Asks: 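What follows is a single structure, and I will ask about it in a moment.
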Amino acid sequence: MSSEKSDQSSVTITFPDKHTRTFPTGVTGFEVASSISPRLAKDALSITLNETVMDLDRPITSDGEIRINTWDTNDGKMTFWHSSAHLLAEAVEALYPGVRLGIGPAIEQGFYYDIDFGDTTVSVEDLPKIEKKMLELARTKSDFVRREVPKDEAVSFYKEKQDPYKLELLEDLEDGTISFYTQGNFTDLCRGPHIPNTQNVKAIKLLNVAGAYWRGDSDNKQLTRIYGITFPKQKMLDEYLHMLEEAKKRDHKKLGKELGIYMIDSMVGSGLPIWLPNGTVLRRSLEAFLRDEQIKRGYQEVITPHIANLKLYETSGHYPYYSDSQYDPIQVDDEQYMMKPMNCPHHHRIYGREMHSYRDLPVRLSEFGTVYRYEQSGELNGLSRVRGFTQDDAHIYCTDDQLKDEIKNCIDLTQYVFNTFDMPVDIRLSFRDDNEKKYGGKSENWERAQREIREVADELGLDYTIAEGEASFYGPKIDFIIRDAIGRKWQLGTVQLDYVMPERFDLTYMGSDNQKHRPVIIHRAPFGSMERFTAILIEHFAGDFPLWLSPKQVALIPVSDQYNELAYEYAEKLREAGLRVHTDDRSEQIGLKIRESETAKIPYMMIIGEREKANKTVAVRKHKIGDLGTFAFDDYLNKLATEVQSRTLPSEADKKTTSN
RNA sequence: GCUGGCGUAGCUCAGGGGUAGAGCAGCGGUUUUGUAAACCGCCGGUCGUAGGUUCAAAUCCUAUCGCCAGCUCCA
């Protein structure tokens with residue numbers, strides 16, 4: 001921060017609500033917080049001054065906008081967890097003298113520290129004793145003390161300590177910008193900021209140990225990374241651990257198996273998921289949903305083969321550029337063919353098969369296209385990371401003038417899709433940075449595209465962030481990050497602009513000026529991959545799917561064998577109405593049949609016995625809710641059909657049924 | 001691919017040098033049932049795979065495959 005105004009005797013601080021106050025120069029964040037309320041001063045962890053997070057006791061020497069960071073803010077948590085990482089390092093140094101420290105940052109959920117334990121292996125069993133030490137140290141209420149040190153001193157400090165990692169970090173730092181933080185007996189090279197003292201840390205959980213390469217480079221030594229999380233209150237930790245357990249219960253690998261969604265079979269091959277009957281119903285329902293919506297929006301569906309001549313990918317540039325993640329080509333007659341890693345080149349050839357007039361554009365080609373990519377074995381994970389998957393892919397070929405409308409249409413479709421599942425969406429505009437070499441296509445196209453994307457986002461009133469340098473090689477993109485029912489974030493759909501492929505495939509259209517022009521391509525996929533999206537859906541709904549997606553929608557449960565006939569009759573009517581029905585005609589007790597339907601997460605049960613036979617009614621029981629009462633069969637059938645058609649979410653359906 | 005952990009019956013798990021265990025599921029009977037587990041019996045495993053050590057290996061060692069947590073990468 002510049003201190004050009006340090007000669008002034010006062011600084012003007014602007015608060016988040018835009019009101020301003022004047023303080024003497026050199027006032028600290030703590031003093032500013034105290035001037036508002038003692039409570040705030042007590043809760044404050046750090047301040048953010050002009051987007052820079054600072055210690056509470058750093059003097060403020062220039063005007064600026066301030067935020068006082070408590071636990072309830074993101075910056076506050078980051079400060080808290082970063083300080084907790086130091087606490088972890090202190091505990092580890094105390095318990096394992098002679099360890100070398102790498103880096104220890106705060107992360108989205110907690111923090112980690114990378115540590116070289118030398119010849120000692122540390123496993124999860126060792127974590128409780130480190131936790132205990134951390135708590136002990138936290139209770140000493142040690143202040144975090146910042147000290148700016150000359151580079152020479154920092155270097156000799158770490159030479160003394162024989163820590164090659166910190167020395168390597170120091171190489172990249174300039175004299176005059178180096179600071180140490182000390183708490184208790186522990187000093188660490190650190191930019192800061194930190195919380196005032198260790199006693200705010202009341203609850204500690206070390207979660208995991210894992211190997212991590214120094215600086216993320218697999219040529220470097222692998223350090224031991226200890227992950228942890230801390231809280232200012234024990235209750236918060238309890239809640240967090242509860243959330244972790246909840247997430248575990250929702251794990252799609254567990255539920256996917258239990259509900260018969262998919263299997264992975266070692267004889268078929270790892271990373272090659274097999275969709276079981278229940279999963280296939282679910283997936284086809286999702287596809288039908290998107291397909292219908294795309295048809296309404298003027299898409300044309302195509303089907304392309306799973307392997308293609310290598311020349312196709314040489315033309316697109318995917319080969320050999322991405323050959324690390326592609327399966328090796330196979331020899332077919334005199335030519336080489338490759339498993340399809342992308343659908344786009346096929347679609348480009350479809351576009352290119354005939355002349356297009358500007359009047360025909362946009363051309364929107366869609367495909368549920370299955371692609372194969374080689375993922376390293378350690379990457380594979382259930383349905384969410386696989387080697388063969390199906391993209392809900394589409395490519396839109398349009399003129400520059402149509403681009404804005406098409407982007408708008410894509411964003412609208414994507415939002416429509418995620419709204420249907422009640423998944424809140426964060427939007428990120430991924431633009432290029434100044435590194436020209438990273439990107440293809442003409443600069444003016446990029447600039448226009450980025451401007452138009454932003455205009456569209458503004459016109460739609462979207463709340464978005466811009467990520468410079470996150471664009472793909474061939475164009476800027478819009479990324480959709482959704483949040484699931486337990487608040488986890490997933491990057492899903494993308495809309496990407498492409499100025500490179502039209503050149504590579506020599507795609508043209510005839511303009512009104514009777515000249516050939518290059519179309520712009522939009523790549524977009526709301527779900528991204530059917531496999532990954534299904535994994536997220538399973539976890540989002542915890543397997544309790546909305547009726548329209550449930551593999552089995554209604555279980556018919558006769559009270560005893562005598563009522564089987566009526567159950568078959570009802571089942572037939574439900575099937576005719578398009579519902580997926582299971583009739584449980586086993587000679588089992590009703591309690592068991594209900595229990596099994598509950599654990600299979602079938603949304604509705606219809607119980608049929610003497611009373612129902614007499615009156616042509618059904619007793620309806622709803623999954624997770626219980627007995628809803630008795631209804632005329634035909635009425636309930638219509639109600640269910642409506643619920644499917646409107647794609648009602650389980651939470652909404654519960655409200656409706658419990659209120660009547 | 002790398003580091004660490006884990007592979008025992010269809011599933012969930014116990015056992016840790018001396019003849020493989022439980023519950024659930026499955027099968028056969030009995031029970032004909034009113035809103036989350038009826039009763040009896042039976043079947044079921046080369047202890048992931050391959051080597052090795054040993055009189056003897058599910059158990060110890062080595063390799064390998066798979067899974068899990070991370071690391072790296074992701075058009």
Side-chain angles (χ1 to χ4, degrees), chain A residues 107 112 114 117 121-126 207-227 248 251 253-254 257-258 263-271 313 316-319 321-326 341-345 371 373-382 385 391 393 440 471-475 477 491 494 496 498 500-501 523 525 528-529 532 555 557-564 585-600 605-613 619-630:
Chain A
I107 53 176
Y112 65 80
D114 284 346
F117 282 90
T121 359
V122 173
S123 75
V124 279
E125 282 93 67
D126 302 306
L207 298 160
N208 205 358
V209 287
Y213 297 106
W214 170 238
R215 303 200 137 176
D217 183 338
S218 56
D219 292 334
N220 286 337
K221 180 161 182 184
Q222 192 156 28
L223 309 181
T224 303
R225 176 170 296 180
I226 299 179
Y227 284 90
K248 216 171 172 180
D251 184 351
K253 294 186 288 286
K254 178 175 174 284
K257 189 199 261 188
E258 285 171 8
M263 63 183 270
I264 302 273
D265 179 69
S266 60
M267 203 180 279
V268 173
S270 56
Y313 303 106
S316 70
H318 291 118
Y319 189 90
Y321 190 65
Y322 288 107
S323 53
D324 276 357
S325 51
Q326 290 165 356
M342 310 227 59
N343 300 304
C344 24
V371 298
R373 295 181 191 175
Y374 173 76
E375 300 282 355
Q376 296 183 90
S377 58
E379 266 317 313
L380 302 174
N381 183 17
R385 203 61 186 270
Q391 297 177 309
D393 219 349
S472 75
F473 162 72
Y474 49 68
K477 58 181 183 169
Q491 192 190 316
T494 62
Q496 308 189 0
D498 183 351
V500 174
M501 291 301 147
H523 303 242
S529 115
R532 192 166 116 90
I557 301 180
V559 171
S560 78
D561 294 350
Q562 306 151 49
Y563 310 105
N564 284 352
D585 56 4
R586 294 173 303 166
S587 300
E588 288 291 352
Q589 288 182 84
I590 182 166
L592 181 88
K593 296 189 196 178
I594 287 169
R595 182 186 151 78
E596 291 188 354
S597 285
E598 283 289 345
T599 56
M605 286 167 239
M606 289 187 167
I607 289 147
I608 298 151
E610 188 54 41
R611 295 197 289 274
E612 289 71 28
K613 192 175 179 181
V620 179
R621 184 189 162 100
K622 189 160 166 49
H623 172 53
K624 292 182 83 179
I625 303 288
D627 193 359
L628 298 183
T630 302

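Source: prediction; values computed, not measured. Here is the naming used below: chain letters follow the sequence lines, and residue numbers restart at 1 for every chain.
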Asks: How would you label the contact of A/L223 with the nucleic acid (heavy atoms, under 4.0 Å): base, sugar-phosphate, or nothing?
Replies: nothing
Asks: Tell me the partner of B/rC6, counting only Watson-Crick (N1-N3 plus N6-O4 or O6-N4) or G-U wobble (N1-O2 and O6-N3) with both under 3.5 Å; none if nothing fits.
Replies: B/rG66
Asks: Quick one: does A/S316's side chain have a donor or acceptor within less than 3.5 Å of a partner on A/H318's backbone?
Replies: yes
Asks: Applying ring-ring contact (aromatic ring centres under 6.0 Å, His included), can you list everything that pairs with A/Y374, at least two apart in sequence or on another chain?
Replies: none
Asks: Apply side chain to side chain donor-acceptor pair (under 3.5 Å) to A/Y313 and list each qualifying residue two or more places apart in sequence or on a separate chain.
Replies: none
Asks: To the nearest angstrom, how far is A/D265 atom CG from B/rC65 atom P?
Replies: 17 Å
Asks: Ignoring backbone atoms, establish whether A/S325 has a side-chain N or O less than 4.0 Å from OP1 or OP2 of B/rC73.
Replies: no
Asks: Would you measure the distance from the C1' atom in B/rG45 across to the matching atom in B/rC13 and give it in whole Å?
Replies: 14 Å
Asks: Using a cut-off of 4.0 Å on non-hydrogen atoms, how would the nucleic acid contact of A/F473 be classed: base, sugar-phosphate, or nothing?
Replies: nothing
Asks: Measuring only the C1' atom in each nucleotide, how far is B/rG5 from B/rG48? A whole number of Å is fine.
Replies: 16 Å
Asks: Rounding to an integer number of Å, can you tell me how far A/I557 CD1 sits from B/rA37 P?
Replies: 13 Å
Asks: If I pick the C1' atom on B/rU59 and the same atom on B/rU54, what distance separates them, to the nearest angstrom?
Replies: 13 Å
Asks: Base contacts versus sugar-phosphate-only contacts with protein, heavy atoms under 4.0 Å: please encode nucleotides 25-36 of chain B as B, S and - from 5' to 3'.
Replies: ------BBBBBB
Asks: Give the rounded distance in Å between these two atoms: OH of A/Y112 and P of B/rC71.
Replies: 8 Å
Asks: When rounded to the nearest Å, what value does the distance between C1' atoms of B/rG10 and B/rC43 take?
Replies: 13 Å
Asks: Taking atom C1' in both B/rA14 and B/rA20, compute the distance separating them and give it to the nearest angstrom.
Replies: 12 Å
Asks: My understanding is that a pair needs two contacts under 3.5 Å, Watson-Crick or G-U wobble. By that rule, which nucleotide pairs with B/rA56?
Replies: none
Asks: Taking the C1' atom of each, how far is B/rU19 from B/rA25, in whole Å?
Replies: 27 Å
Asks: Do A/R373 and A/V371 make a side-chain contact, defined as non-hydrogen atoms from C-beta onward lying under 4.5 Å apart?
Replies: yes
Asks: Report the base-pairing partner of B/rA36 (Watson-Crick or G-U wobble, both distances below 3.5 angstrom), or none.
Replies: none
Asks: Let me know the distance between CD of A/E258 and C1' of B/rU12, rounded to the nearest Å.
Replies: 10 Å
Asks: Can you list the steps and then say if A/K477 with A/H523 is a side-chain contact (heavy atoms from CB on, under 4.5 Å)?
Replies: CA-CA 9 Å; A/K477 58 181 183 169; A/H523 303 242; over 6 Å; no
Asks: On the nucleotide B/rU12, are OP1 or OP2 found under 4.0 Å from the side-chain N or O atoms that A/K257 carries?
Replies: yes
Asks: Which nucleotide in the set B/rU12, B/rA75, B/rC74 lies at the smallest distance from any side-chain heavy atom of A/Q496?
Replies: B/rA75
Asks: Once you apply a heavy-atom cut-off of 4.0 Å, does A/G382 come out as touching a base, just sugar-phosphate, or nothing?
Replies: sugar-phosphate
Asks: Taking for each residue the nucleotide of RNA chain B with the nearest heavy atom, is it A/Y227 or A/E375 whose nucleotide lies nearer the 5' end?
Replies: A/Y227
Asks: What residues, two or more places apart in sequence or in another chain, satisfy side-chain contact (heavy atoms from CB on, under 4.5 Å) together with A/A471?
Replies: A/R432, A/Y439, A/W446
Asks: So if I take every side-chain heavy atom of A/R225 and compare against B/rC71, B/rA75, B/rC67, which nucleotide ends up nearest?
Replies: B/rC71
Asks: In whole Å, what separates the C1' atom of B/rC24 from that of B/rA38?
Replies: 16 Å
Asks: In whole angstroms, how far is the C1' atom of B/rU3 from the CD atom of A/Q376?
Replies: 14 Å
Asks: Just checking A/Q491: base, sugar-phosphate only, or nothing, at a heavy-atom cut-off of under 4.0 Å?
Replies: nothing
Asks: Is there a Watson-Crick or G-U wobble partner for B/rU31 with both distances under 3.5 Å, and which nucleotide is it?
Replies: none
Asks: Watson-Crick or G-U wobble partner for B/rC42, using a 3.5 Å limit on both distances?
Replies: B/rG26
Asks: How far, in whole Å, is B/rG23 from B/rC39 if one measures between their P atoms?
Replies: 13 Å
Asks: Applying salt bridge (charged side-chain N to carboxylate O under 4.0 Å, His left out), can you list everything that pairs with A/R595, at least two apart in sequence or on another chain?
Replies: none
Asks: Please classify the nucleic acid contact of A/T224 as base, sugar-phosphate, or nothing, using heavy-atom distances under 4.0 Å.
Replies: nothing
Asks: Nearest whole Å is fine: how far is B/rC68 C1' from A/K253 NZ?
Replies: 8 Å
Asks: Which base, if any, makes a Watson-Crick or G-U wobble pair with B/rU19, both distances under 3.5 Å?
Replies: none
Asks: Choosing from B/rG66, B/rC73, B/rA75, which nucleotide comes nearest the side chain of A/Y474?
Replies: B/rA75
Asks: Below 4.5 Å, heavy atoms only, C-beta onward: do A/Q391 and A/N343 meet side chain to side chain?
Replies: yes
Asks: Please report, rounded to the nearest Å, how far the C1' atom of B/rG1 is from the CZ atom of A/R373.
Replies: 20 Å
Asks: Mind checking A/R215 for me? I need base, sugar-phosphate or nothing, with any heavy atom below 4.0 Å counting as a touch.
Replies: nothing
Asks: Kindly write out the residues that satisfy salt bridge (charged side-chain N to carboxylate O under 4.0 Å, His left out) with A/E610, not counting sequence neighbours, or none if the list is empty.
Replies: none
Asks: With A/V559, which residues qualify under side-chain contact (heavy atoms from CB on, under 4.5 Å), at least two apart?
Replies: A/Y563, A/I590, A/I607
Asks: Paired with B/rC71: which nucleotide, if any, by Watson-Crick or G-U wobble criteria at under 3.5 Å for both distances?
Replies: B/rG1
Asks: Starting from the C-alpha separation in whole Å, work towards a yes-or-no answer on side-chain contact (heavy atoms from CB on, under 4.5 Å) for A/R621 and A/I594.
Replies: CA-CA 9 Å; A/R621 184 189 162 100; A/I594 287 169; 3.6 Å; yes
Asks: Using whole Å, what does the distance between atom P of nucleotide B/rG70 and atom CG of A/L380 come to?
Replies: 14 Å
Asks: Quick one: does A/E596's side chain have a donor or acceptor within less than 3.5 Å of a partner on A/K593's backbone?
Replies: no
Asks: Can you name the residues that form a ring-ring contact (aromatic ring centres under 6.0 Å, His included) with A/Y319, not counting sequence neighbours?
Replies: none
Asks: Detail all sub-3.5 Å separations between protein N/O atoms and N/O atoms belonging to nucleotides 4-9 of chain B.
Replies:
none

